[in-house]
Amino acid sequence: MSTSFRWVEQARSGRARAGHLHTAHGTVPTPTFMPVGTVGTVKAMTMDAVRSTGAGIVLGNTYHLMLRPGAERVRALGGLHRFMDWPGPILTDSGGFQVMSLGPLRKLDQDGVTFSSHIDGSKHRLTPERSTDIQHALDATITMCFDECPALPAAPEVIAQSMRMSMRWAARCREAFVQRPGYAQYGIIQGGTEPELRAESVRALTGIGFEGYAIGGLAVGEGQELMFSTLDATTPLIPWDSPRYLMGVGTPDDLLGSVERGVDMFDCVMPTRAGRTARAYTERGTLNLRNARHAVDSRPISPHCDCLACTRHSRAYLHHLFRANEILGPMLLTWHNLAYYQRLMRGIRSAIVEGSLEAHAAWLRAQWAMEDWTPDEMPLPDIPPVP
């Protein structure tokens with residue numbers, strides 16, 4: 001029996017919401033964090049490892065997959081779900097952000113963007129219709145509209161012009177989208193940090209009508225305070241029964257503050273990128289496993305984590321792996337960071353359901369402000385220093 005795409009509320013706390021996102025490829029509890037699998041893989045992870053962290057949905061990218069291996073090849077091989085061994089929901093970014101980041105390698109016009117591949121210099125063109133068609137070929141559960149994301153800071157008139165073009169593109173994306181039970185297309189709200197432009201963008205997108213709405217153009221250097229004030233002005237305008245997705249965000253504190261402002265879905269490269277550079281996220285902030293103080297530390301990264309890095313290995317071993325440039329170090333630490341992000345989201349969701357979000361948020365922020373665990377909290381055996 002086919003499943004309609006819908007978000008169903010389970011509980012609320014202020015503007016924060018807990019619910020379930022029902023899709024053709026399974027149901028996802030929200031709020032949720034999506035690991036980034038840009039080219040059909042979450043870097044340094046098998047999909048079994050990703051599943052073990054509790055992730056329910058992952059992200060792929062139109063720009064990268066159209067260049068390599070090509071959307072038609074993925075389609076011929078059974079679609080992105082089969083290709084990357086992820087039968088669950090997949091959201092595909094439209095490629096707009098990546099194309100706009102190419103700078104002099106791209107040329108923008110009212111119809112779309114012509115650009116040179118960063119891989120081999122070959123010429124390509126993306127339009128709203130082409131981006132939508134590629135995501136259809138990939139069999140994306142959630143298709144994103146093709147938009148322009150202007151760099152900030154920018155003059156209000158520049159942001160307004162860009163936003164209005166993105167809204168025209170959104171209408172074209174919607175016309176090109178092939179509607180199927182359990183599948184969805186999200187419109188992307190633009191407008192920089194200008195409340196009036198954000199409101200205009202929401203009106204345009206809700207007038208077109210989408211299954212969900214994303215908030216784009218943030219986490220691009222504007223700072224957390226301005227990001228939160230923009231969310232304060234934007235999320236109340238989005239229909240309550242539609243899922244809300246904040247693109248490219250962020251740190252644990254960013255996620256918590258955004259959930260408090262009514263956001264349901266997130267993605268960010270931070271936990272995976274940090275894992276490849278020896279940085280571990282924990283309930284007590286971040287640790288740099290390259291630091292010499294970890295060289296003889298037999299404790300796990302976190303006493304509260306059940307990932308493979310924490311249950312089977314010590315900080316000393318992880319320190320050794322990074323110092324020796326062994327690939328297992330980034331693999332284990334990426335696993336840990338994704339497990340932490342999923343545990344963080346589960347805890348926030350449970351607090352919303354239980355009606356204790358305010359107290360839970362205060363506890364999280366107090367923990368993040370503390371230093372690493374003391375030996376009393378997490379015993380450290382007496383290990384002689386390395387000569």
Side-chain angles (χ1 to χ4, degrees), residues 1-35 50-51 53-59 86-92 140-145 179-189 202 205-206 209-216 218 228 231-232 234-250 252-268 338 341-361 364:
M1 191 171 92
S2 62
T3 301
S4 63
F5 185 96
R6 64 195 187 281
W7 178 82
V8 179
E9 178 186 339
Q10 181 181 3
R12 68 176 77 180
S13 177
R15 279 189 284 159
R17 307 121 55 88
H20 290 92
L21 189 66
H22 298 273
T23 82
H25 298 103
T27 298
V28 181
T30 64
T32 187
F33 178 83
M34 299 180 286
V50 175
R51 279 185 279 271
T53 68
I57 178 172
V58 299
L59 180 143
W86 185 265
I90 299 174
L91 181 149
T92 47
T141 314
I142 301 174
T143 293
M144 299 303 299
C145 282
Q179 299 197 32
R180 295 144 287 161
Y183 288 76
Q185 185 180 45
Y186 285 14
I188 303 177
I189 302 162
V202 173
L205 293 174
T206 53
F210 291 91
E211 286 79 19
Y213 298 91
I215 302 163
L218 293 177
F228 282 168
L231 291 177
D232 285 331
T234 304
T235 54
L237 306 177
I238 303 172
W240 181 265
D241 60 352
S242 299
R244 296 127 168 221
Y245 163 33
L246 179 56
M247 305 177 75
V249 174
D253 191 41
D254 288 338
L255 267 59
L256 175 59
S258 300
V259 169
E260 290 174 319
R261 289 163 172 82
V263 178
D264 309 304
M265 302 174 66
F266 303 89
D267 80 282
C268 192
L338 287 178
Y341 266 60
Q342 295 301 331
R343 190 166 65 254
L344 171 67
M345 299 309 290
R346 286 195 300 271
I348 294 172
R349 173 184 161 76
S350 295
I352 296 171
V353 172
E354 294 166 4
S356 58
L357 180 61
E358 185 175 355
H360 185 69
L364 284 172

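Remark: Y183 OH to T23 OG1 distance equals 8.5 Å, nearest 0.5 Å. Put simply, CE on M144 and CD1 on I188 are 4.0 Å apart, with the number rounded to the nearest 0.5 Å. Between atom CG of residue L231 and atom CG of residue L246 there is a gap of 5.5 Å, rounded to the nearest 0.5 Å. Atom CE in M34 sits 4.5 Å away from atom CG in L91 (nearest 0.5 Å). The OG1 atom of T53 lies 12.5 Å from the CE atom of M345; values are rounded to the nearest 0.5 Å. Atom-to-atom distance recorded for S13:OG and H360:NE2 is 11.5 Å, nearest 0.5 angstrom.
Of the options T32, I189, D267, I142, a side-chain contact (heavy atoms from CB on, under 4.5 Å) to Y245 is made by D267 and by none of the others.
Stacking of R15 on the aromatic ring of W240 is not recorded, the 6.0 Å distance cut-off and the 45° axial limit not both being met. Remark: R17 is positioned above the aromatic ring of W7, its terminal NZ or CZ atom under 6.0 angstrom from the ring centre and at most 45 degrees off the axis.
S4 contributes no side-chain N or O that, together with a main-chain N or O of G182, makes up a donor-acceptor pair within less than 3.5 Å. No donor-acceptor distance shorter than 3.5 angstrom exists from the side chain of S258 to the backbone of L255, with no hydrogens or angles considered. No donor-acceptor pair under 3.5 Å is formed between the side chain of Q185 and the backbone N or O of T143. With D264 contributing its side chain and R244 its backbone, the two residues share a donor-acceptor pair below 3.5 Å.
Closest of all the heavy-atom pairs between A16 and L357 is CB-CD2, 3.4 Å. Smallest separation of non-hydrogen atoms from Y341 and G250: OH-O, 2.8 Å. The minimum heavy-atom distance between G56 and V28, with the atom names listed, is O-CG2, 3.7 Å. Taking each heavy atom of A184 and E211 in turn, the nearest pair found is CB-CB, 3.6 Å. Summarising the geometry of C145 relative to G187, their closest heavy-atom pair is SG-CA, 3.9 Å, with the distance given to 0.1 Å. The nearest pair of heavy atoms linking A18 to V353 is CB-CG2, 3.9 Å.
Checked by atom type, the side-chain pair T27/H20 shows no donor-acceptor distance below 3.5 Å.
Ring geometry for Y213 against F210 counts as perpendicular: the plane angle is over 60°, on a 0 to 90° scale with 30° as the lower cut.
Ring to ring, F33 and F266 are not that close: their centroids are 6.0 angstrom or more apart.
Under the 4.5 Å side-chain criterion, counting only non-hydrogen atoms from C-beta, L237 is not in contact with T206. Taking the side chain as every heavy atom from C-beta outward, W86 and R51 approach each other to under 4.5 Å. Residues I57 and M265 have side chains in contact (heavy-atom distance under 4.5 Å, counting atoms from C-beta outward). Counting only heavy atoms from C-beta outward, the side chains of M247 and I215 never approach each other to under 4.5 Å. Between Q342 and P35, the closest side-chain pair of non-hydrogen atoms falls below 4.5 Å.
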Discussion item. Does I352 form a side-chain contact (heavy atoms from CB on, under 4.5 Å) with V259? I'd like the steps, not just the answer.
Written reply: CA-CA 10 Å; I352 296 171; V259 169; 3.9 Å; yes
Item to complete: Apply the test side-chain contact (heavy atoms from CB on, under 4.5 Å) to residues I90 and L59: give CA-CA distance (whole Å), side-chain angles for both, the deciding distance (0.1 Å), then the verdict.
Response: CA-CA 6 Å; I90 299 174; L59 180 143; over 6 Å; no
Worksheet entry | Pair R349-Q10, side chain to side chain donor-acceptor pair (under 3.5 Å): steps then yes or no | CA-CA 10 Å; R349 173 184 161 76; Q10 181 181 3; 2.4 Å; yes
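In terms of the ring-ring contact (aromatic ring centres under 6.0 Å, His included) criterion, Y186 has no residue partners (sequence neighbours excluded).
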